[in-house]
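Working notes for the structure below.
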Amino acid sequence: MGKHRAEVRPRYGRIAVLGSSLAVTLIAVLGGTGALPQSADPARASVSVDRDVADTSPQPSYDEPSTTALDPAVSSVQVDPAAAGELAKVAQRADKTLPADSGEGRRVVFSEGRQRVWLVEEGDEVAKTYLVSGSIYDNLEPGTFEVYSRSEDAVGIDDSGTMKYFVRFTQGDTGAAIGFHDIPVLDGERIQGFDELGTPLSHGCIRQRRSDAIALWDFAPLGTTVVVTV
């Protein structure tokens with residue numbers, strides 16, 4: 001009696017389980033290498049990634065400013081000329097340093113180049129400093145002078161306006177007095193604006209804001225030293 005061979009049947013159940021295991025393993029490997037897309041939904045993706053391993057790109061430092069914006073190849077920042085002018089005026093108004101070779105002791109100092117006056121107490125202590133408008137002409141040489149005349153009210157040459165708190169300390173080539181006073185008034189209007197102080201605009205004297213003219217008037221009686229610098 002012959003032996004019968006048992007019919008070989010595939011075990012589909014085990015094959016399906018094996019296939020599923022291989023698929024899960026393959027997905028895990030591909031996901032770990034970044035080959036598969038990541039879900040943006042936090043409820044569907046909860047993979048924790050080691051940042052030191054996964055992200056090797058340079059990170060911005062919050063302690064140091066980026067130099068990218070300073071690179072002319074990638075930055076073309078334009079400065080508004082009007083804003084730059086205002087910044088320059090602010091810096092000029094804040095300039096309180098006495099000029100070199102401005103004398104010593106109690107004195108008034110005027111810098112032609114900086115268009116600024118300093119009221120200086122003993123020991124070089126600056127009591128007050130402010131912008132002025134000096135002469136547009138070259139009629140005042142640097143040097144040391146003293147106050148020789150004062151007038152609370154005065155009239156300009158050739159009916160060029162009225163002024164107050166005139167403190168004279170020298171004379172020009174024509175013999176006309178040169179000194180400090182407030183901005184002259186002509187026909188009821190100041191002949192220049194306060195925003196123009198710091199710019200030479202006068203015919204010989206040093207123009208000041210009214211409050212500054214009063215301060216210098218109170219500070220500089222007859223005989224007070226006046227030092228004019230470049």
Side-chain angles (χ1 to χ4, degrees), residues 80-99 102 107-121 126-143 145-230:
D80 183 356
E86 287 303 315
L87 289 173
K89 288 182 180 179
V90 170
Q92 190 180 19
R93 285 194 293 270
D95 181 13
K96 297 184 177 181
T97 307
L98 277 168
S102 63
R107 64 201 186 275
V108 176
V109 177
F110 167 53
S111 168
E112 294 183 283
R114 291 159 69 178
Q115 292 292 288
R116 177 176 287 276
V117 161
W118 293 260
L119 308 183
V120 187
E121 298 282 7
V126 177
K128 187 177 180 65
T129 180
Y130 50 88
L131 294 176
V132 297
S133 284
S135 175
I136 59 177
Y137 304 110
D138 186 19
N139 60 344
L140 181 58
E141 294 292 332
F145 310 88
E146 69 175 41
V147 175
Y148 72 87
S149 175
R150 291 160 37 107
S151 299
E152 188 168 346
D153 295 284
V155 178
I157 298 175
D158 298 328
D159 195 25
S160 57
T162 60
M163 58 208 70
K164 294 184 68 68
Y165 306 106
F166 198 163
V167 178
R168 306 171 183 88
F169 61 87
T170 190
Q171 295 178 340
D173 296 337
T174 63
I178 295 177
F180 305 95
H181 54 69
D182 71 346
I183 297 173
V185 173
L186 182 64
D187 297 329
E189 299 289 336
R190 286 190 301 271
I191 63 177
Q192 75 169 77
F194 295 140
D195 61 333
E196 296 176 302
L197 292 170
T199 304
L201 289 173
S202 82
H203 295 157
C205 290
I206 298 101
R207 298 173 181 172
Q208 310 161 104
R209 186 187 293 262
R210 174 69 63 85
S211 59
D212 294 332
I214 293 173
L216 188 142
W217 174 271
D218 293 339
F219 182 87
L222 294 175
T224 299
T225 298
V226 176
V227 179
V228 176
T229 69
V230 294

Verdict with reasoning, Val228 to Leu140, per side chain to side chain contact (heavy atoms under 4.5 Å, CB included): CA-CA 8 Å; Val228 176; Leu140 181 58; 4.1 Å; yes
Supply the atom-to-atom distance Ile183 CD1 to Ser202 OG, rounded to the nearest 0.5 angstrom. 11.0 Å
As an exercise, state the distance from CD of Glu196 to CG of Leu201, rounded to the nearest 0.5 Å. 5.5 Å
Ser102 (side chain) donor-acceptor with Val109 (main chain) under 3.5 angstrom: no
Flag, side chain of Ser135 to backbone of Cys205, donor-acceptor distance under 3.5 Å: no
Note, Phe145 side chain near Thr225 side chain (heavy atom, < 4.5 Å): no
For a quick test of reading the model, state the closest non-hydrogen atom pair linking Thr97 to Trp118 and the distance between them. O-CZ2, 3.3 Å
Run Leu119 and Leu216 through side chain to side chain contact (heavy atoms under 4.5 Å, CB included) and show every step you take. CA-CA 7 Å; Leu119 308 183; Leu216 188 142; 3.9 Å; yes
To check you understand the geometry: which heavy-atom pair defines the closest contact between Val132 and Gln208, and what is its length? CG1-CG, 3.9 Å
Indicate yes or no: at least one non-hydrogen side-chain atom of Val117 is less than 4.5 angstrom from one of Val108. yes
Taking the six-membered ring of Tyr148 as reference, does the cationic atom of Arg150 (NZ for Lys, CZ for Arg) lie under 6.0 Å from its centre and within 45° of its axis? no
Glu112 side chain vs Gly134 backbone, donor-acceptor pair below 3.5 Å: no
Can you tell me if Glu189 uses its side chain to pair, donor with acceptor, with the backbone of Leu186 under 3.5 Å? no
Heavy atoms only: give me the nearest Arg207-Ile191 pair and the separation to one decimal. NH2-CD1, 3.2 Å
Which distance, rounded to the nearest 0.5 Å, do you find between the CE of Met163 and the CD of Glu152? 14.0 Å
In terms of heavy-atom contacts, Pro221 and Val147 come closest through O-CB, 3.7 Å
Please step through side chain to side chain contact (heavy atoms under 4.5 Å, CB included) for the pair Phe110 and Ile206, ending with a clear verdict. CA-CA 9 Å; Phe110 167 53; Ile206 298 101; 3.8 Å; yes
Check: Thr224/Arg107 side-chain N/O donor and acceptor closer than 3.5 Å: no
Roughly how far, to the nearest 0.5 Å, is CD1 of Ile214 from OH of Tyr165? 4.0 Å
Using only heavy-atom distances, determine whether the side chains of Ser151 and Arg168 contain a donor-acceptor pair under 3.5 Å. yes
Which donor-acceptor pairs under 3.5 Å do the side chains of residues 169-182 make with protein atoms, sequence neighbours left out?
residue : atom : partner : partner atom : Å
Asp182  : OD1  : Lys164  : N            : 2.8
Asp182  : OD2  : Arg210  : NE           : 2.6
Asp182  : OD2  : Arg210  : NH2          : 3.0

Ignoring hydrogens and angles, state whether a donor on the side chain of Gln192 or Ser133 is under 3.5 Å from an acceptor on the partner side chain. yes
Rounded distance [0.5 Å steps], CZ in Arg116 versus CG in Leu98: 10.5 Å
